[in-house]
Peer 1: 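Dropping the structure in here first, questions after.
When a residue number appears, it is its place in the shown sequence, counting from 1. Atoms considered below: every heavy atom in the structure, side chains included; atoms not considered: hydrogens, waters and symmetry mates. As the structure is a computational prediction, the values presented were derived from the model and not from experiment.
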Amino acid sequence: MCDTCGCGKPGEKALISVPGENRDNNADNHYEHEHEHEHSHPHYHTHGHEHNHDHDHSHEHDHINHEKRTINIETDILYANNLMAERNRGIFEAKDLTVVNLMSSPGSGKTTLLEKTMNELKDKISFAVIEGDQQTMNDSERINRTGVPVVQVNTGSGCHLDAEMINRAVKRLNPDNGSVIMIENVGNLVCPALFDLGESARVVIMSVTEGEDKPVKYPNMFRNASLCLLNKCDLLPWLDYDISKAIEYGHQVNPHLKFIKLSAKTGEGMTEWYKWLESILDKSKLTDSR
């Protein structure tokens, strides 16, 4: 998991900002930076040096300890995240917020999809957006031009958003009761699938410029999603892409996964996406994806 891939260094904090602000004067981020030195190293020790009287046995012991340490770190990370996710769910329920977690590989068209959605539905639905990227304010600035409230979460070396980042971001947004919060997760088909954010629904976006076999290559991402948007369908005439095969692979992993074919660029299929989005505002139809 993330202890293996190296993201999310101990003590590293996400930077949360809104377009146009001076990030050095951001009180929330200043507080986090002041305190991160207190937790800048992992609190574990392998103690392999205590058994160096027997080279063969100490090597074996170190190997066993390394395996145990990795399992414990992963368990602790997910346990702490899940506790915060439950806390987020309580906040969302109290404020009647519907929270949609958008996930995909980089370049699938998430931001373009959000821009078009905000521009066409913002007069009907009260939106707020959380943008997740390792660096830059590029995506939040694009959303800001639609007039919808947005905050940017820069994760540094982190390859996903987690529940604590979302908790902080929602406090910065302070959305109106009854709003829909759209979360654009960091572009990655692995780690974001593991982290519950307290969301109402998960949507995975797969562009037709990717392989049809993404669902079976990255099953966790598709197994926990309510909807898969097949984006960039305007490019199909120039691609060797079999949509029926992509859907077949998706249903192998998740038989209940719904698919919508669309193009965020041309608008093809967007009406069906809007209908789905409006339908989940009816809490009786809302399905917990976990």
Side-chain angles (χ1 to χ4, degrees), residues 1-2 5 7-8 12-17 77-78 81-82 84-85 88-89 92 97-118 127-143 148-170 172-173 175 180-207 210 214-215 217-231 254 257 264 273 277 280 288-290:
M1 200 186 70
C2 292
C5 77
C7 80
E12 184 174 45
K13 295 294 183 179
L15 183 62
I16 297 180
S17 312
I77 288 173
L78 289 178
N81 182 83
N82 291 341
M84 179 59 78
N88 287 348
R89 259 187 285 279
F92 301 156
L97 301 176
T98 300
V99 182
V100 180
N101 185 4
L102 295 174
M103 300 181 288
S104 76
S105 57
S108 67
K110 292 191 300 297
T111 311
T112 301
L113 178 86
L114 276 178
E115 282 180 305
K116 199 169 192 71
T117 301
M118 300 301 101
F127 282 108
V129 175
I130 298 172
E131 284 287 344
D133 282 300
Q134 288 189 324
Q135 301 291 342
T136 84
M137 298 280 291
N138 294 349
D139 289 351
S140 62
E141 288 169 354
R142 288 171 62 181
I143 298 301
V148 170
V150 58
V151 296
Q152 179 76 52
V153 180
N154 289 133
T155 62
S157 63
C159 61
H160 61 272
L161 296 176
D162 63 29
E164 189 266 343
M165 295 175 193
I166 297 304
N167 185 275
R168 291 172 56 202
V170 170
R172 289 296 310 276
L173 278 171
V180 176
I181 298 180
M182 306 293 286
I183 300 172
E184 181 177 345
N185 218 312
V186 179
N188 181 351
L189 285 176
V190 183
C191 294
L194 301 173
F195 285 80
D196 181 6
L197 307 180
E199 67 268 43
S200 310
R202 290 183 171 189
V203 175
V204 60
I205 302 172
M206 182 169 62
S207 75
E210 305 174 66
K214 282 292 189 292
K217 282 187 174 181
Y218 305 97
N220 285 334
M221 177 62 70
F222 293 83
R223 183 175 295 123
N224 295 317
S226 303
L227 174 68
C228 178
L229 299 178
L230 287 169
N231 194 23
N254 180 356
L257 185 62
W273 155 241
L277 194 55
I280 69 168
D288 192 333
S289 62
R290 283 157 299 281

Peer 1: Hey, could you give me the CG/CG distance between N167 and N88, rounded to the nearest 0.5 Å?
Peer 2: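 The distance works out to 5.0 Å.
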Peer 1: Do the side-chain N and O atoms of R172 and S17 include a donor-acceptor pair separated by under 3.5 angstrom?
Peer 2: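 Looking only at side-chain atoms, S17 and R172 do not form any donor-acceptor pair under 3.5 Å.
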Peer 1: Does F127 form a side chain to side chain contact (heavy atoms under 4.5 Å, CB included) with L114? I'd like the steps, not just the answer.
Peer 2: CA-CA 10 Å; F127 282 108; L114 276 178; over 6 Å; no
Peer 1: Sequence neighbours left out, what pairs pass salt bridge (Lys or Arg N to Asp or Glu O under 4.0 Å) with at least one residue falling in residues 129-138?
Peer 2: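 Counting only pairs at least two positions apart or across chains, no salt bridge (Lys or Arg N to Asp or Glu O under 4.0 Å) contact touches residues 129-138.
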Peer 1: Return the set of residues passing side chain to side chain contact (heavy atoms under 4.5 Å, CB included) with N188 (not counting sequence neighbours), or none when no residue passes.
Peer 2: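 Only C159, V190, C191, P192 meet the side chain to side chain contact (heavy atoms under 4.5 Å, CB included) criterion with N188.
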Peer 1: Looking at residues at least two apart in the chain, or sitting in another chain, which of them share a side chain to side chain contact (heavy atoms under 4.5 Å, CB included) with N220?
Peer 2: A193, L194, R223
Peer 1: Given 3.5 Å as the limit, does a donor-acceptor pair link the side chain of S200 with the main chain of V99, or not?
Peer 2: yes
Peer 1: Could you list the residues that satisfy side chain to side chain contact (heavy atoms under 4.5 Å, CB included) with D162, not counting sequence neighbours?
Peer 2: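 Checked D162 against side chain to side chain contact (heavy atoms under 4.5 Å, CB included); matches are N81, H160, E164, M165, F195.
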Peer 1: Considering residues at least two apart in sequence or located in another chain, which fulfil the salt bridge (Lys or Arg N to Asp or Glu O under 4.0 Å) criterion with E210?
Peer 2: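 Salt bridge (Lys or Arg N to Asp or Glu O under 4.0 Å) check on E210 returns nothing, list empty.
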Peer 1: Tell me, please, which residues at least two apart from T117 pass side-chain hydrogen bond (donor to acceptor under 3.5 Å, both in side chains).
Peer 2: W273
Peer 1: How long is the span from the CD1 atom in I181 to the CG atom in L97, to the nearest 0.5 Å?
Peer 2: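 The CD1 atom of I181 sits 4.5 Å away from the CG atom of L97.
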Peer 1: Just how far is it from atom CG of L102 to atom CD1 of I183, taken to the nearest 0.5 Å?
Peer 2: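 Going from the CG atom of L102 to the CD1 atom of I183 covers 8.5 Å.
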Peer 1: Can you see which heavy atom on F222 is nearest to which on Y218, and at what distance?
Peer 2: CD1-O, 3.4 Å
Peer 1: Roughly how far apart are K110 NZ and E184 CD, rounded to 0.5 Å?
Peer 2: 5.0 Å
Peer 1: Roughly how far, to the nearest 0.5 Å, is CG of N101 from CG of L197?
Peer 2: 4.5 Å
Peer 1: For V153 and R168, run side chain to side chain contact (heavy atoms under 4.5 Å, CB included): C-alpha distance rounded to whole Å, both residues' side-chain angles, the deciding distance at 0.1 Å, then the answer.
Peer 2: CA-CA 9 Å; V153 180; R168 291 172 56 202; over 6 Å; no
